[in-house]
Amino acid sequence: MRHNISFCFAILFLLLGLSCGKHKTSLSVQQLRCEYREAPLGIQQAAPRLSWEITSPARGVVQQAYRILVASSPELLEKDSGDLWNSGKVESALSVGVRYAGKDLKSRTDGYWKVRVWTNKGNTAESAPAHWSVGLLHEGDWSGQWIGLDSTFAWEAPHAPHTRLAARYFRQEFAVDKKIKQARVYVSGLGTYQLFINGEKIGHAELSPAPTQYNKRAFYNTYDVTAALKSGANALGTVVGNGRFFSMRPNAVDAIPAIMDFGYPKLRLQLEITYTDGTVKQVASDTGWKATAAGPVVANSEFDGECYDATREMPGWSQPGFDDSRWLPARQVQAPEGRIVAQMNPLIKVMDTLHARTVFQIAPGKYIVDMGQNMVGWAAMKIANGKRSDTVRLHFAERLNPDSTLYTDNLRGAETTDRYVMKEGAQQWEPHFTYHGFRYIEVSGYPGTPKPDDFVGKVVYDDLPVTGHFETSNPVINEVYRNAFWGIRGNYRGIPTDCPQRDERMGWLGDRAVGSYGESFIFDNNTFYAKWLQDIADGQTDEGSLPDIAPTYWKMYTDNMTWPATYLIIADMLDRQFGNLEPVRTHYDAMKKWLDYMKDKYMSGYILGRDIYGDWCMPPRDPKLIHSTLPERITAGDYLGTAFYYRMLQLMERFAGLLHKPEDKAAFAALAGKVKAAFNEKYLHPDGSYSNNTATANILALAYDLAPDSLRQKVFGHVVQTTLHDFNGHISTGLVGGQWLMRTLTRCGRPDVAYKLATNTTYPSWGYMVKEGATTIWELWNGNTADPAMNSGNHLMLLGDLIVWFYEDLAGIRSDPEAVGFKKIIMKPIPVPGLDRVQASFHSVQGWIRSSWHSKDGTFDWQLTVPANTTARIFVPAGRMEDVTEGGKAANAAEGVRFIKMEGDRALFEVGSGTYRFVSKRS
Ligand code: RAM
């Protein structure tokens, strides 16, 4: 498991600690990032943004200046020559997102770079070198043609509704006749590919490239393959599967729509070998390549599984000298409609492995393998003694029936079955062109008795470093957090999916609104979500409508406000959490266009009465229902639509300000004022309740600042009343209200109610899921009893703002809106009765932030770390400033600690970087 970010960064840091003057302090600059990734190959940017982190044990370290050198070779950089860019010494504290401003970066340019920083402590340090390379920026850089076999073969089963093709294999041999300086492959295999050179798999990517709106753009990936080549004869081999390119469901079935089809799988590849004499040799995909669909992967589909026939293996097929005379000449095929660009988000990989917990028999020859965890990926299987041509069948599911057979009703039309035809003797196998969401595998046809050791679960998702750790003294909260962690990692598949198991797995916008924000504390999902915003933009219609799903594999444009709002919510999140304003800049016009479209089409009297989904999946009273039918539980659609439109105007006002567009800013503010007035006029009752007084209705009015100040307490009173009385201390919100539930309860003064919701174990609650054996988060609060037609065991939308609440309110780690990306930090843990201890750490773009507190007998003991080059406002729970110590001394006398004021029951201090221990005793 990748629980430690430092593990992910191979860049060694250099500790110079040169000192001038008396304050000698060690200092290092490390974790250099270009375009928010470390050492990226093949970037699409001609002006990348560069970031670094400073670490120092000293207190109050601030960068005063930096100098970036970018050289075209490591040797030049070593000599301190920035032939591409020498920024000069720039007086600035900026360390995140500094834009490259050197010589034009052309396709294939390598940038070797380092940074020197000077601090307020009078010292300076230089980083170790880091590297990026520019990819193929223009279509004209490609000599590789798109190749494929645009036809169906006798052994394939492309019959609707479940279409599955065999994988396409491609090969080409080439000679290396001189000494190699460097070799790179640029490759796109659509839907997904595996790349081999001389029999070895290149890189660790699985299910690559990331799925996109293929009629708008398709990705390629870049690999350095210098070490994979040898002198003399070499061979390239590529296997291409269907992924999301070739439709798994080209026809609608019952209520489930058809999935867009982009055509037969295809490949474009370009190997560029640079010899030490400066000459370049290219090996590019063309009709000189050989291809076959008669390899061992006889069928593949992400919903239905992979069929692999080991008797059809072609030993040596990706090595030189293989007899490919029975293969077909590759055909040049139509390029995808979209433009080909570099994938800038991380690759999908095997990120973790799980060993099967138990195996038991349920019928003669039929076994259940229990992984002990609802996981996403696939199973690698070992067979000691296989019989040629016999088939082992692996059927995957999340649950078992009471009689221990596999429960598959909630998988709908997804067959979730891998079939493996054995060769003779000992063998092992795992698929690469499918994935499953499962805890259990029904195994049949296995030779002998399968043992737990024979199955390893490969946990497959985007290579996003884990950036957060969170633990408390409450076991229910810890279990829920753990389930959320598994759920989140299981729903990254190049896009954020709604679920990983049934015949859906789509990038539903609504599911990841505030959820993406919570996730950003646990995974570095900056580039991942920036990529998804592009998918959303690619789905926008010419009129301005935004899709419900991106990419629009299901073409759904229902013109809700709530689902597409995620487009703006995530752009805002990326700025606040990562200091990444680029998505706001890139998408501003499209956002504006969408809001104009919605206004022109649906707004009347400043009310936006358009909605279909409602407060999706609020808990019904009847345990069998998916959606409540009780009118008093349903928050009206026009109410949600208008509240969300108002929220979008607030965000646009902020964005317009950030992008220096004062006229737009004023126009958004003016319209917001009118919407707010109409909203209150229509929905606010004299008793301070909104609409039909659901918790969701009142929460949104508070969270979006729609409620007049004079009535806020009253409005909040209704939220508490509904929660404690009407719902007996339980949650009553769905996907929409849940986005603000925990923070509203807490920040309006009732953290105890939020804590109750977080620790409940009766229906409906996250703890109820845990108690019922869930190891992820369910789609429905009543996931164990409701209709299987829409009932996944691994959805994220009901998390709402729970993870945000864990980090921001329980641990008290929050980015200050005054200086986003944790340049300024607000540390304000909210102690709640019953919770004794919270321990959290978060790797922000500035560095590690830690907050660990325990509270006992009136003493609040808090250890915290603030990263270099940032400042934090520290809110210590205390009756008087005099009750607070830091490091055993009166806090206001401690080094680097400045008392600001008392604020209610908090003593507010300001600190710079460093580690501190504040203790406050009730006097
Ligand atoms: C379900 C999806 C998703 C939700 C939509 C409206 O099918 O699983 O969670 O956003 O419906």
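Quick note: residue numbers are just sequence positions, from 1. Order of listing sets the numbers, starting from 1, for every ligand and every atom in it.
Residue-environment remark: CG (Asp600) exceeds the threshold of 12 foreign heavy atoms within 6.0 Å.
Under the 3.5 Å distance criterion, the side-chain polar atoms of Asp611 are left unmatched by any main-chain donor or acceptor of Gly641.
Just one of Asn410, Thr775, Thr408 meets the side-chain hydrogen bond (donor to acceptor under 3.5 Å, both in side chains) condition when paired with Glu398; it is Asn410.
Shown here are the side chain to side chain contact (heavy atoms under 4.5 Å, CB included) partners of Lys756, two or more places apart in sequence or in another chain: Asn760.
Residues lining ligand 1 at a heavy-atom distance below 4.0 Å are given as Asp498, Arg502, Glu504, Trp508, Asp511, Trp563, Tyr613, Trp616, Glu779, His795, Met797, ordered by chain and residue number.
Looking at Asp726 and Ser732, their side chains never come closer than 4.5 Å, going by heavy atoms from C-beta outward.
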Quiz item: How far apart are the C-alpha atoms of Asp370 and Arg439, what are their side-chain angles, what is the distance that settles it, and do they pass the salt bridge (Lys or Arg N to Asp or Glu O under 4.0 Å) test?
Solution: CA-CA 6 Å; Asp370 179 2; Arg439 171 171 170 174; 2.8 Å; yes
